[in-house]
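Chain letters run A, B, ... following the sequence lines, proteins first, then strands; residues in each count from 1. It should be emphasised that the depicted structure is a prediction, and the values quoted were computed from it without experimental measurement.
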2 protein chains.
Amino acid sequence: MLRLSTKCQYGVRAMFEIAKGYNSGPVTIKEISEKQDVSVAYLEQILNQLRKAGIIKSVKGPGGGYILDKEPGSISIGAILRELEGPVAITSCLDPKEGCIRVEGCVTHLLWKSLGEKIEAFLDNMTLQDLINGSESRGEQLITITRKGKRIRK
Amino acid sequence: MLRLSTKCQYGVRAMFEIAKGYNSGPVTIKEISEKQDVSVAYLEQILNQLRKAGIIKSVKGPGGGYILDKEPGSISIGAILRELEGPVAITSCLDPKEGCIRVEGCVTHLLWKSLGEKIEAFLDNMTLQDLINGSESRGEQLITITRKGKRIRK
DNA sequence: AAAATAGTCTACTAATTCTGTCAAGTATTA
DNA sequence: TAATACTTGACAGAATTAGTAGACTATTTT
């Protein structure tokens, strides 16, 4: 239920790799492919889309690769996902491209709308920097941020 | 992005109709079909699943139909969706049936997990009674509940 | 200049999931 | 026993997902 496409998942993981290299130059597709175990060809498609959206830049030629356009703390997960698959639209009637046909008496409309807004707020509030912090401290910080102190360790 | 299937949407809308009739006897598939504009055949499938899960009961014969097994305030939207499509599993690595292969270094695992928990909490906290209240007062109560006083009117 | 490196673009396709329909039942009550 | 309603399972078209393939363009190093 409510599954996120692999494209989005891969996209975030790729951005994480690029973000890690923010201070040490471009990261190549090949590196990302190896570290995140996603095919080069598929990553090309995904990163191309993100490049066109302007949240990463590409550098051609030897020593090239991809770099973030802004610092990791200024790129939210929400922004990445939106570029890859459009705005969060739990239902088609909330999709700006489609619109709600049965506006009258659509009892559930508000329900889905509220949920969508919550999800979006969560994603917009989480940045690549948070992911980096999280990975460095074994997830502690991420948990602290997202669950307000309720630390869970496994 | 993160689209909810029509099956789930229809399921909730059907449950809403049944909930409205909670005090006035069984509601037939035909009625639901007409009011919510979903085919009888598809509703049969959906309601059958919910009946087997035990959240609605069916009454056969003339004057029959479906009735809630509990009062509307005790049936959450989350429960309905879970019966129809399993637990919220934003990513396959969070699906209890599949499991996470790349546990080591899966930076995004916690991210999706946190989001999933937020969504689930939201859905589990919202009941059919809330939907009924929302529809009676043109959405006001629903908004109040879900957005903590920040009323938005359109 | 040539070779190596690295990204760009477009088309295509296999597999899966979604969204239902259809048909032939079974059960209950007036 | 007729009417009403639920039950079950098979099936199928459409849409989406998740990638692959291949030819091309740009840049840098030697």
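Of the possible donor and acceptor atoms, none in the side chain of A:Thr108 sits under 3.5 Å from a partner among the backbone N and O of A:Leu111. Put simply, the side chain of B:Ser76 never gets that close to the backbone of B:Met126: no donor and acceptor are under 3.5 Å apart. Under a 3.5 Å cut-off, the side chain of B:Arg3 and the backbone N or O of A:Ala89 do form a donor-acceptor pair. Checking side-chain atoms of A:Gln9 against main-chain N and O of A:Leu4 turns up a donor-acceptor pair under 3.5 Å.
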Would you list the atom pairs, donor with acceptor, under 3.5 Å between side chains in residues 51-73 of chain B and any protein atom, with sequence neighbours excluded?
from: B:Arg51; atom 1: NH2; to: B:Asn48; atom 2: OD1; distance (Å): 2.6
from: B:Glu71; atom 1: OE2; to: B:Ser74; atom 2: OG; distance (Å): 3.4

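Residues passing the side chain to side chain donor-acceptor pair (under 3.5 Å) test with B:Glu34: none are found, sequence neighbours excluded. In this structure A:Lys20 satisfies the side chain to side chain donor-acceptor pair (under 3.5 Å) test with no other residue, sequence neighbours excluded.
For residues 46-54 of chain B, proximity to DNA chain C is found at no residue, defined as any non-hydrogen atom under 4.0 angstrom from a strand atom.
Screening B:Lys7, B:Glu85, B:Glu83 for a side-chain contact (heavy atoms from CB on, under 4.5 Å) involving B:Gln49 leaves a single residue, B:Lys7.
Side chains of B:Leu123 and B:Ile80 form no contact here, defined as non-hydrogen atoms less than 4.5 Å apart.
As rounded to whole Å, 14 Å separates atom P of C:dA6 from atom CD1 of A:Ile67.
B:Arg13 and B:Asp37 are not joined by a salt bridge, as no carboxylate oxygen comes within less than 4.0 angstrom of a charged side-chain nitrogen.
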TODO: Spell out protein contact along nucleotides 17-30 of chain C as letters: B when the base is contacted, S when just the sugar-phosphate is, - when no protein heavy atom is under 4.0 Å; keep the 5' to 3' order.
DONE: --BBB-----SBS-
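With a heavy-atom cut-off of 4.0 Å to chain A, the contacted part of DNA chain D has its first and last nucleotide at D:dA18 to D:dT28.
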